[in-house]
Amino acid sequence: MLRILLLVLASTAVLCSVEAPPIRFEEIAAKAGLRFQLQNGEAGGFHQIELTLGGVAAFDYNNDGCADIFFTNGAEIPSLRKTGAKFSNRLFRNNCDLTFTDVTTEAGLAGEGYSMAVAAGDFDNDGFTDLFVAGVKGNALYRNLGKGRFAAIEMPKAEARWAVSAGWFDYDNDGWLDLFVANYVEWDAAKEPRCGTPERQYYCHPNAYRGLPNQLFHNNRDGSFSDVSMGAGIGRQIGKGMGVAFADMDGDGFTDVFVANDSVRGLLFRNQGNGKFEEIGLEAGVALRDDGHAIAGMGADFRDLDNDGRPDLLVSGILNDSFLLFRNLGGRLGFEDYAQRTGLLMSTRQLTGWSLGIYDFDNDGWKDLFFALAHLMQLDRYLGRESALPNRVYRNVGGKRLEDVSADAGVAFEGAALHRGAAFADFDNDGRVDVVVSAVNGPAKLFHNVGADRGHWLGIRLRGVRSNRQGLGAAVRVHLADGRDLYNHATTAVGYASSSEAVVRFGLGASRVDSIEIRWPGGHVQKLSGVAADRIVEIAEDVKP
Amino acid sequence: MRVLILFLLSAVSPGQPSYEKANELFVAQKFPEALVAVDEALRLDARLVPALTLKAKLAMAANRLDVARLCLEQALAIDPKAPYAQFLYGMVAYMNNEMREASTRFQKARELAPRDARVALYLGLTIESVGKPADALALYEEAIRLERLSGQQQADTLLPGARLLFLLGRLEESERWIRQALQLSPKLRDAHFELARILLKKGEAAQAAAEGETALSLAGGSVADSAIHYLLIRAWQQAGKPDRAAFHAGAIKAREN
């Protein structure tokens, strides 16, 4: 009896002493050899393109199991030429010891033009992740040849449009990744509108520019692509695209698309499964803010936040917009505003957000939020405060409340900069998700997650057989031993102009995995059990003859 | 007495009659004619502060904030204690998103005219936009109190505070403010819209839809038709009337095309 009592007391003491350990990051870019400075080429001309660059990718280009990093970069204005090494896009190989080596030259990825965004995906199913780099006056597609080299591939001839984000997904479930490109506005340096007065010039509002349709490129399975934008119903909708995110929002086995637009309503393209999309942003309740106002939508992530199995939607905006969080109610009910109830609405009202991500940074079983922040340049004179901002991280408390824990996230996390792109991966394979962030005219940052261990974790690297090689679009349910279910899906299109690792990650809390259910694109379900935690497992698609 | 009469006569500006005419034309919303008259007043007396202020108002109505700013700078150089000119300068800065300047000007105006409810209201709006909701709410309450004291309560003055309370999740208080506004002005479109938002948030979808439809049927206000249609899409969907929701979605899409 005494022994039992002591055990009970001991366990009670442990319970009482347990406080939620903070999510904490160290900024280690310089120490890790990740020396990159994003150059926007500004020279006092107040060109809109100076504001919007900075995409980053986290992807494993050499299949060594360690996530590498690619940065897009600007160019001289108005020539839009990369006139020196400082404008080069850059690839950094992860040496698997949390140091990085610049391998841009041997990889052939220095690039041309004014680059904006990057999307990583294995479009030719050869096991090597390829890159699409979007730009102001032209995009580039690079096939990963293996052995550390990439080769540029010709894209369909199309009018050069300013693309700000892009992503890979298999919209027709044919097993080959297709490409979605989110285009922003018509822009020409020579015809750039001027706003303000000669003495007091400022960057024009997006209303001064005409919006553009997005583009969908179908993978022809032979290394070429066809522009199917109009036929698919994507190209009929004009927007000012900034962020793109994918999820099968209605569980029908087909991947849907959300596009965050700047100062015009957001677009939600429901995949009808017949090669066509229906735009239902208004009907679904994700097109506008709750009061009917179109925010300056920037980054987006489309992921289940409250563990109900339905992907929710997060969108960043600018000062006085408040960021948007929509909870997926399922079926005809669409989505509801969830930013107010969770505390995100008022908490983000004074922020301007670019990239973002929904990841479980403390592995407690609830996905948290990360925002890369900065006010628009030149805003300081109006606000009386700096445009540079520190980033923010919010802890998800039971799917009901989002608590700003940035103040406890480490000294380096408080550093202000003109942050833009952000990509998410576990760069040191310790089970905790890290973040790489670009900053306009400043050094990139690598936030190494050093938070106290809160729980077990599992990473799933999918290998499609009938599906696309990376299994992008696959939805994964992890059933825990304590009876809870966790949900996530495979996507690299996360945030703003950026691309994150394809590994599907779960924080498990104190529990263990009981079983795993994978719904591959198209609906084929695969079940597994006996999967050990605290590791990355590779799961190949189980294809029945 | 003769000296006093002479002094009063000499104190009347030569531009005063033209200014008064311009003011009457402004009230009658005859803006081009008012501009001609106010320019005449300023030709006769370039230091006539009310005329400079009126010209600033005309410039603001024409969205020439640069001209308005110049007029107000001239007016305040002549009379730095002109409360209305300070208030209008704050308005120009507010409309230009220059919140630091707006806040300074409204605070000066508030010192000069502490009983002016408009100043408290706009200082509240400015303070809210720089992230001080508690201070803003106090100023909205002060604006309402001042209007009640003066016996000239305006329904519009209740709306910013009600909206802020809504954002803060204080739905019951927000609803109380909105219903007060509707008592004062039953055909206030913006108030019906805000009430519909509150009802929808509270899960009373059918009532929200009815309020939204009322808002849509009313003219005036600052809420765009598209915002009301968007609310009605969600309200009718939740009320189990997808055909009505589709109608409102179609209305927005028709405008987009």
Side-chain angles (χ1 to χ4, degrees), chain A residues 195-197 199-200 202 205 211 236-239 264-267 278-294 318-322 326 329 331-351 376 378-385, chain B residues 65-66 69 93-94 96-104 125 128-134 163-164 166-171 190 193-194 196-198 200-201 203 205 212 215 223-238 240 242 245-246 248-253 256-257:
Chain A
C195 293
T197 61
E199 307 79 41
R200 206 176 162 80
Y202 49 79
H205 189 276
R236 299 178 196 282
Q237 206 75 38
I238 304 295
V264 294
R265 73 178 180 87
L267 302 172
E278 181 189 15
E279 199 288 303
I280 59 160
L282 291 165
E283 293 86 343
V286 298
L288 297 161
R289 198 171 63 188
D290 188 69
D291 62 356
H293 177 82
I318 69 164
L319 178 72
N320 281 320
D321 273 347
S322 291
F326 297 107
L329 301 172
R332 66 170 182 82
L333 292 175
F335 292 72
E336 67 168 1
D337 165 49
Y338 205 42
Q340 183 195 53
R341 216 184 310 161
T342 51
L344 192 70
L345 185 143
M346 287 305 284
S347 175
T348 56
R349 206 173 176 210
Q350 290 297 301
L351 304 178
L376 297 173
Q378 310 295 325
L379 203 66
D380 36 2
R381 74 169 67 158
Y382 297 98
L383 287 174
R385 59 175 94 156
Chain B
L65 299 183
D66 52 336
R69 186 189 293 268
Y94 180 80
N96 227 6
N97 275 326
E98 297 169 72
M99 295 305 164
R100 185 167 45 176
E101 180 71 33
S103 178
T104 304
L125 286 166
E128 184 185 341
S129 72
V130 296
K132 296 177 180 171
R163 289 191 186 106
L164 179 55
F166 180 90
L167 293 178
L168 292 166
R170 292 160 64 176
L171 298 187
D190 291 6
F193 172 71
E194 296 300 336
R197 289 181 65 206
I198 292 167
L200 187 59
K201 193 61 108 179
V223 178
D225 278 2
S226 59
I228 304 175
H229 284 302
Y230 185 58
L231 176 133
L232 284 166
I233 295 166
R234 290 169 289 152
W236 283 123
Q237 259 170 357
Q238 288 179 31
H248 290 287
I252 296 180
K253 288 178 179 176
E256 288 176 343
N257 298 327

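Values below: every heavy atom of this structure, side chains too, minus hydrogens, waters and symmetry copies. Lettering of chains follows the sequences in order, A, B, ..., and the numbering in each one begins at 1.
Most heavy-atom pairs under 4.5 Å with chain B: of the set A:A294, A:S322, A:A287, A:G334, this distinction falls to A:A287. Contact count versus chain B (heavy atoms, under 4.5 Å) is highest, among A:L333, A:L329, A:D290, for A:D290. The residue among B:Q238, B:E194, B:E128 with the most heavy atom pairs within less than 4.5 Å of chain A is B:E128.
Within the 4.5 angstrom heavy-atom criterion, no atom of B:A245 approaches chain A. Of the two parts of B:L232, neither the backbone nor the side chain holds a non-hydrogen atom closer than 4.5 Å to a non-hydrogen atom of chain A. When heavy atoms are compared at a cutoff of 4.5 Å, A:R349 approaches chain B solely by way of its side chain, counted from C-beta outward. Interface remark: B:P133 contributes side-chain atoms only to the contact with chain A (heavy atom separation under 4.5 Å). For A:E336, no part sits under 4.5 Å from any heavy atom of chain B, backbone or side chain. Using a 4.5 Å cut-off between heavy atoms, B:L167 contacts chain A through both its backbone and its side chain.
Close approach to chain B, defined as a heavy atom under 4.5 Å from one of its heavy atoms, is seen in A:D337, A:Q340, A:L345, A:M346 of residues 337-346 of chain A, taken by number.
Every residue was checked against the salt bridge (charged side-chain N to carboxylate O under 4.0 Å, His left out) condition with A:R236, not counting sequence neighbours, and none meets it. Taking A:E283 as the reference, B:K253 meet the salt bridge (charged side-chain N to carboxylate O under 4.0 Å, His left out) condition, with sequence neighbours excluded. Considering only residues two or more places apart in sequence or on other chains, B:D225 meets the salt bridge (charged side-chain N to carboxylate O under 4.0 Å, His left out) condition with B:R189, B:R255.
Side chains of A:D291 and B:R163 form no contact here, defined as non-hydrogen atoms less than 4.5 Å apart.
The cationic atom of B:R170 (NZ for Lys, CZ for Arg) does not lie both less than 6.0 Å from the six-membered ring centre of B:F166 and within 45° of the ring axis.
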**Report entry** B:E101 vs B:N96, side chain to side chain donor-acceptor pair (under 3.5 Å): CA-CA, chis, key distance, verdict
**Finding:** CA-CA 10 Å; B:E101 180 71 33; B:N96 227 6; over 6 Å; no
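Using the six-membered ring where Trp is involved, B:H248 and B:H229 have ring planes that are tilted, between 30° and 60° apart.
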